[in-house]
Undergrad: 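My questions all concern the structure below.
No hydrogens, no waters, no symmetry mates; every other heavy atom, side chains included, goes into these values. Throughout, numbering of the chain's residues begins at 1 and tracks the sequence.
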Amino acid sequence: MKLRFILFLAFIILLNSNISLAQSYKKKKGNYRPALVETSKVEKKTVYIFNESVGRVVTLAPYVISSKINEIVKKIYVLEGDNIKKGQKLVELEKKNIKRFIQRYKEEINFNKVTKDLLKEELEILNQKIKRALDLKELKIISEDSFDNLKIQRINLNKQIAKINFDLRKLFFLNLSAKEDLISTTIYSPVNGNLTDFNVQIGAMLKKGQKLGTLLIENKNEIEVYLRSELAMKINIGNKVEIRTGNNEFLTGEIRSIVGIENIKTGSRLVKVKLPHNFPSELNFPNSRIELKIPIGEGKNALVVNKDALIANGEKTIVYLIEK
């Protein structure tokens, strides 16, 4: 009972204090009541007319995954929509045909090397024969025609050796290409990203250069928004854009470019907006819808007062200036 009595007495004292405080603010020529207001500094700013629009996040640097060889799909390790890590295995292609080519090139290289060695031995014997024939020719034991025939044989042997050297180089590069194709039978992800447009089936025959899917690289995005052409023409590149990220929470982006071609059906143009570095990761993915406030025109210089510092009085709005 004592505690209740003390609390009741404190309430009566507090109520009387508030009434006295309110009465002390009354003036003789009016019936005013005290009001709590927010104090703020007056700032000189460039004020814009803003257009509120809804844009979407689009990828700025998509990476296309394609096949480097003509081969059949043997295994698939991922699904469309997966978040892929750099170096992760995506698809495995058939290897046996390429391994056969490598073995064939290896055998052809060995055969050509053996043939070349035999031609060199034959050429060495022929050179010795020509040397002896030269002595006999000087002694006029053999005719000039016989000596020329020996030289023609040497030329033909050199031509065969040159042809084998060319074939060996060609086989070397074919074998090297086949080994690279063997490596390409396993397709890995070159970057981190989200896999889209992935349309691959086991048993399908892929062609060299065929697109398998697209990787949307994480956090390399921007915002695209369509505005009516008459508004887009009044926007300046580099102007700041307010990007809504939550309940009355905004970050500042920047207008990167305005696409000059107009969409005839809608009478609009595409505006591209850079994302700030602190843009939330949970919103930073393609096709995410984002609310924007886009400045229109050049803007006007004005003194700006915080709206909480204004007092509404009927049709008037009052702001008090605190001197000193």
Undergrad: Can you tell me how far NZ of Lys208 sits from CG of Asn70, rounded to the nearest 0.5 angstrom?
TA: 8.0 Å

Undergrad: Report yes or no: do Leu216 and Val78 belong to one cluster of Ile/Leu/Val/Met/Phe/Trp/Tyr joined by side chain heavy-atom distances under 4.5 Å?
TA: no

Undergrad: Could you tabulate the donor-acceptor pairs under 3.5 Å formed by side-chain atoms of residues 295-303, not counting sequence neighbours?
TA:
residue: Glu298; atom: OE1; partner: Asn236; partner atom: ND2; Å: 3.4
residue: Glu298; atom: OE2; partner: Asn236; partner atom: ND2; Å: 3.4
residue: Asn301; atom: OD1; partner: Thr46; partner atom: OG1; Å: 3.2

Undergrad: Drop me the distance from Ile243's CD1 to Phe279's CZ, to the nearest 0.5 angstrom.
TA: 6.0 Å

Undergrad: Between Arg154 and Asn127, do the side chains contain a donor N or O and an acceptor N or O under 3.5 Å apart?
TA: yes

Undergrad: To check you understand the geometry: which heavy-atom pair defines the closest contact between Asn194 and Asn83, and what is its length?
TA: ND2-OD1, 2.9 Å

Undergrad: State, to 0.1 Å, how close Leu79 and Leu195 come at their nearest heavy-atom pair, and which atoms those are.
TA: O-CD2, 3.8 Å

Undergrad: Tell me, do Ile161 and Leu123 make a side-chain contact under 4.5 Å, heavy atoms counted?
TA: yes

Undergrad: Without hydrogens or angle criteria, can the side chains of Asn165 and Lys116 be said to hold a donor-acceptor pair below 3.5 Å?
TA: yes

Undergrad: Is the closest side-chain heavy-atom distance between Tyr188 and Thr186 below 4.5 Å?
TA: yes

Undergrad: Between Lys151 and Asp148, is the side-chain contact (heavy atoms from CB on, under 4.5 Å) condition met? List the steps.
TA: CA-CA 5 Å; Lys151 290 195 293 184; Asp148 289 341; 3.4 Å; yes

Undergrad: Please step through side-chain contact (heavy atoms from CB on, under 4.5 Å) for the pair Lys85 and Asn192, ending with a clear verdict.
TA: CA-CA 5 Å; Lys85 299 295 183 183; Asn192 298 333; 4.0 Å; yes

Undergrad: Just how far is it from atom CZ of Arg228 to atom OG1 of Thr266, taken to the nearest 0.5 Å?
TA: 11.5 Å

Undergrad: I'd like to know if Lys113 pairs up with Asp117 as an ion pair, taking the criterion as any Lys NZ or Arg NE/NH1/NH2 lying under 4.0 Å from an Asp or Glu carboxylate oxygen.
TA: no

Undergrad: Okay, side chain of Asn149, backbone of Asp145: is any donor-acceptor separation there less than 3.5 Å?
TA: yes

Undergrad: Judged by atom type as modelled, is there a donor-acceptor pair below 3.5 Å linking the side chain of Ser184 to the main-chain atoms of Glu180?
TA: yes

Undergrad: Is any side-chain heavy atom of Val58 closer than 4.5 Å to a side-chain heavy atom of Pro286?
TA: no

Undergrad: Assess the residue pair Leu126 and Leu157 against the criterion (side-chain contact (heavy atoms from CB on, under 4.5 Å)); give the C-alpha distance rounded to whole Å, side-chain angles, the decisive distance to 0.1 Å, and a yes or no.
TA: CA-CA 9 Å; Leu126 184 59; Leu157 282 175; 3.7 Å; yes

Undergrad: May I ask you to decide whether Glu222 forms a salt bridge with Arg256, counting only side-chain N to carboxylate O separations under 4.0 Å?
TA: yes

Undergrad: Which is it for Leu93 and Val73 under the side-chain contact (heavy atoms from CB on, under 4.5 Å) test, yes or no, and what are the steps along the way?
TA: CA-CA 5 Å; Leu93 306 180; Val73 178; 3.9 Å; yes

Undergrad: Compare all side-chain heavy atoms of Asn239 with those of Tyr48 and state whether any distance is below 4.5 angstrom.
TA: yes

Undergrad: Can you confirm whether Lys220 is buried at NZ, in the sense that more than 12 heavy atoms of other residues, nucleotides or ligands lie under 6.0 Å from that atom?
TA: no

Undergrad: Roughly how far apart are Leu60 CG and Glu224 CD, rounded to 0.5 Å?
TA: 9.5 Å

Undergrad: Between Glu124 and Lys120, is the closest basic N to carboxylate O distance under 4.0 Å?
TA: no

Undergrad: Determine, using the 4.5 Å side-chain heavy-atom cutoff (strictly less than), whether Leu231 and Val271 are members of one ILVMFWY cluster.
TA: yes

Undergrad: I want to check something: taking the side chain as every heavy atom from C-beta on, are Ile102 and Leu182 in contact at a cut-off of under 4.5 Å?
TA: yes

Undergrad: Which heavy atom of Pro276 sits nearest a heavy atom of Thr252, and at what distance?
TA: CB-O, 3.4 Å

Undergrad: For atom CD1 of Ile264, is the number of surrounding heavy atoms from other residues, nucleotides or ligands below 6.0 Å larger than 12?
TA: no

Undergrad: Could you check whether any side-chain heavy atom of Arg269 comes within less than 4.5 Å of a side-chain heavy atom of Tyr226, counting everything from C-beta outward?
TA: no

Undergrad: With clusters defined by side-chain heavy atoms of hydrophobic residues (ILVMFWY) lying less than 4.5 Å apart, directly or transitively, does Ile217 cluster with Leu212?
TA: yes

Undergrad: Is it the case that over 12 heavy atoms from other parts of the model lie below 6.0 angstrom from the NZ atom of Lys272?
TA: yes

Undergrad: Look up atom OG1 in Thr317 and atom CD1 in Ile311, then write down how far apart they are to the nearest 0.5 Å.
TA: 10.0 Å

Undergrad: Search all heavy atoms of Val54 against all heavy atoms of Arg289 and return the closest pair with its distance.
TA: CG1-NH2, 3.6 Å

Undergrad: To the nearest 0.5 angstrom, please state how far the CZ atom of Phe50 sits from the CG atom of Leu292.
TA: 11.5 Å

Undergrad: If you count the non-hydrogen atoms of other residues, nucleotides and ligands that lie under 6.0 Å from NZ in Lys211, is the total more than 12?
TA: yes

Undergrad: Nearest heavy-atom pair of Ile76 and Val200: which atoms, and what distance?
TA: CD1-O, 3.3 Å

Undergrad: Are the side chain of Asp82 and the backbone of Ile84 linked by a donor-acceptor contact shorter than 3.5 Å?
TA: no

Undergrad: So does Glu108 get a backbone contact from the side chain of Asn112, meaning a donor-acceptor N/O pair under 3.5 Å?
TA: yes

Undergrad: Mind listing the closest non-hydrogen atom pair of Thr59 and Asn221 along with its distance?
TA: CA-OD1, 3.2 Å

Undergrad: Hydrophobic clusters here meaning ILVMFWY residues chained together by side-chain heavy-atom distances under 4.5 Å, can you tell me if Leu90 and Ile202 are in one?
TA: yes

Undergrad: Are any of the side-chain nitrogens in Glu71 or Lys74 under 4.0 Å away from the carboxylate oxygens of its partner?
TA: no

Undergrad: May I ask you to test the Glu254-Lys240 pair for a side-chain heavy-atom distance under 4.5 Å?
TA: yes

Undergrad: Can you tell if the side chain of Leu174 reaches within under 4.5 Å of the side chain of Ser177, non-hydrogen atoms only?
TA: no

Undergrad: Can you get from Ile98 to Tyr105 by hopping between Ile, Leu, Val, Met, Phe, Trp and Tyr side chains that sit under 4.5 Å apart?
TA: no

Undergrad: In this structure, are over 12 heavy atoms from other groups packed under 6.0 Å from Tyr63 atom OH?
TA: no

Undergrad: Crowded around Glu282 CD? As in, over 12 foreign heavy atoms under 6.0 Å?
TA: yes

Undergrad: With a sphere of 6.0 Å drawn around NZ of Lys68, does it hold more than 12 non-hydrogen atoms of other residues, nucleotides or ligands?
TA: no

Undergrad: Just wondering, more than 12 heavy atoms not from Met205 lying within 6.0 Å of its CE?
TA: yes

